[in-house]
Amino acid sequence: RKEVEQDPGPFNVPEGATVAFNCTYSNSASQSFFWYRQDCRKEPKLLMSVYSSGNEDGRFTAQLNRASQYISLLIRDSKLSDSATYLCVVNRYGQNFVFGPGTRLSVLP
Amino acid sequence: NAGVTQTPKFQVLKTGQSMTLQCAQDMNHNSMYWYRQDPGMGLRLIYYSASEGTTDKGEVPNGYNVSRLNKREFSLRLESAAPSQTSVYFCASSDTGGASEQYFGPGTRLTVT
């Protein structure tokens, strides 16, 4: 089993839709959590960190459930520019980052 | 502010050739990383350097060596390239390691024939 797993995708949604991505991690020692965004043939870039209490940044909301070892990302009012691959990332302090395989999103006009 | 830079952007090697991928960051970060990204596999860590003077193996270190030349620079060397090393290679850096955002370079697209 992979240490970080994500919805396989792809997700094809119309503009304005709400879409949710799920991520699970297997190592209970994981301490920090992130969502990255990767555009086609580009480098990953941080979308948002994920905090225990949940956090929101504009149209994006991230949730963490440590008991279930589950992370989610909700995108409201999807834009064409949201089309990308979304990477779930976990880290155990002092050790390396582990990336999920990514979920591809296509927002359609 | 350049962030993380990588050279070259593209490279084609023949099996058995060697090459070094260069990475530099200008953000005064302590930690640096090398990843490879293959279709359907996500990013996998090859080596990382938690601070100047230290390097550690990641998930897929075989066939690679690294050098943390100074705080700014972290190079990845393929001694004898194999077709299985065809991939996109990303260098990244972060400030304090696990709690901090990673910043990535633009990647090197390597093909080994």
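Letters go in sequence order (proteins before strands), and every chain restarts at 1.
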Smallest separation among heavy atoms of F90(B) and K42(A), with atom names: CZ-O, 3.7 Å
Same apolar cluster: V112(B) and W34(B), side chain cutoff 4.5 Å: yes
OH/Y70(A): more than 12 non-hydrogen atoms of other groups inside 6.0 Å: yes
Same cluster (ILVMFWY, side-chain, under 4.5 Å), F34(A) and M32(B): no
Cluster overlap L43(B) with W35(A), hydrophobic side-chain contacts below 4.5 Å: no
Proximity of residues 12-21 of chain A to chain B, residues having a non-hydrogen atom under 4.5 angstrom: none
Interchain contact, R109(B) with chain A, by part (heavy-atom threshold 4.5 Å): side chain
F99(A) ring center within less than 6.0 Å of Y35(B) ring center: yes
Portion of F33(A) that has a non-hydrogen atom of chain B nearer than 4.5 angstrom: neither
Pairs of heavy atoms under 4.5 Å with chain B: top-ranked of L46(A), V90(A), T85(A): L46(A)
ILVMFWY cluster, L13(B) and Y89(B) together (side-chain gap under 4.5 Å): yes
Interatomic spacing from OH in Y36(A) to CD in E101(B) - rounded to 0.5 Å: 5.0 Å
Verify same cluster id: F74(B), L78(B) (apolar side-chain graph, 4.5 Å): yes
Nearest atoms (heavy-atom pairs only) where S94(B) meets F97(A): OG-CE1, 4.4 Å
Neighbour count above 12 (heavy atom, 6.0 Å) for K45(A) NZ: no
Which atoms of L45(B) approach chain A - backbone, side chain, both or neither, heavy atom under 4.5 Å: side chain
Interchain contact, L87(A) with chain B, by part (heavy-atom threshold 4.5 Å): side chain
Region of Q37(B) that comes under 4.5 Å of a non-hydrogen atom in chain A: side chain
Q38(A), part contacting chain B, at a heavy-atom distance under 4.5 Å: side chain
